[in-house]
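Along the sequence shown, residues carry numbers from 1.
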Amino acid sequence: MSQAQPFPTVAADGLDLHCLTVEAEPETNLLLRLLEPFVIHDVLPAHVACATSGDGLAVEIVFAASADLAQRLRGRLSVMVGVRDAALAPAARVRGAQTTEHRAAATRAA
């Protein structure tokens, strides 16, 4: 897996880039359910990273949207069955949208 480049803070269409980080139960269909609200709101993520461990699933979704829509998406994901936590941050703070867990998983897979 190649090293991800840092994301800019604004998308080409002028919308802010956001990173939604989700910690969840390691369930087989949860990733699909996490992406469904993006389809409903016609938001195509720029980047999705996923890593599993024995006791959880970590997902990062970088996307362009207004601040209101980004908060709405965070709210929808945070109340899903199986989701432990959902945090929203500007994509610029993500530093390439990969957590230490995701880098470790990519290294193990290589």
Side-chain angles (χ1 to χ4, degrees):
M1 196 177 219
S2 66
Q3 183 73 345
Q5 298 298 315
F7 289 97
T9 57
V10 178
D13 56 8
L15 295 172
D16 292 335
L17 280 175
H18 306 276
C19 180
L20 189 53
T21 304
V22 179
E23 298 294 329
E25 300 294 324
E27 298 174 8
T28 56
N29 70 345
L30 190 56
L31 184 58
L32 178 62
R33 289 190 292 125
L34 291 174
L35 293 175
E36 186 177 7
F38 290 86
V39 174
I40 291 168
H41 290 285
D42 197 27
V43 174
L44 180 63
H47 178 82
V48 177
C50 177
T52 59
S53 64
D55 65 339
L57 174 68
V59 180
E60 287 183 346
I61 305 169
V62 175
F63 61 98
S66 66
D68 290 343
L69 180 53
Q71 284 294 340
R72 193 172 325 134
L73 288 166
R74 188 208 60 78
R76 289 195 64 181
L77 271 59
S78 68
V79 298
M80 285 184 173
V81 173
V83 171
R84 297 174 185 162
D85 186 44
L88 184 65
R93 292 187 189 167
V94 179
R95 306 264 196 240
Q98 287 190 341
T99 63
T100 304
E101 280 185 61
H102 290 121
R103 285 190 198 107
T107 302
R108 286 191 300 271

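- Of the possible polar contacts, one joining the H18 side chain to the A65 backbone as a donor-acceptor pair under 3.5 Å is found.
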Without placing hydrogens or testing angles, list every side-chain donor-acceptor pair under 3.5 Å for residues 32-46, not counting sequence neighbours.
| residue | atom | partner | partner atom | Å |
| --- | --- | --- | --- | --- |
| R33 | NH1 | V81 | O | 3.3 |
| R33 | NH2 | E27 | OE1 | 3.2 |
| R33 | NH2 | V81 | O | 3.3 |
| H41 | NE2 | R76 | NH1 | 3.4 |

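- Applying the salt bridge (Lys or Arg N to Asp or Glu O under 4.0 Å) test to residues at least two apart or on different chains, the pairs with a partner in residues 77-89 are E25-R84.
- The two residues C50 and L57 make their nearest non-hydrogen contact at SG-CD1, 3.2 Å.
- The distance from the CG atom of L88 to the CG atom of L77 is 10.5 Å, given to the nearest 0.5 Å.
- Residue L69 holds its CG atom at 4.5 Å from CG of L73, rounded to the nearest 0.5 Å.
- Taking the side chain to side chain donor-acceptor pair (under 3.5 Å) definition, one finds that D55 meets it with S53, sequence neighbours left out.
- Heavy-atom minimum distance, V62 versus L17: CG1-CD2, 4.4 Å.
- Every pair tested for salt bridge (Lys or Arg N to Asp or Glu O under 4.0 Å) that includes a residue from residues 44-54 fails, sequence neighbours excluded, so the list is empty.
- Here the shortest heavy-atom pairing between S66 and L15 reads N-CD2, 4.0 Å.
- Sorted by first then second residue, the salt bridge (Lys or Arg N to Asp or Glu O under 4.0 Å) pairs that include residues 61-74, not counting sequence neighbours, number zero.
- Taking all atoms of both residues into account, the shortest heavy-atom contact from G54 to P26 is O-CG, 4.3 Å.
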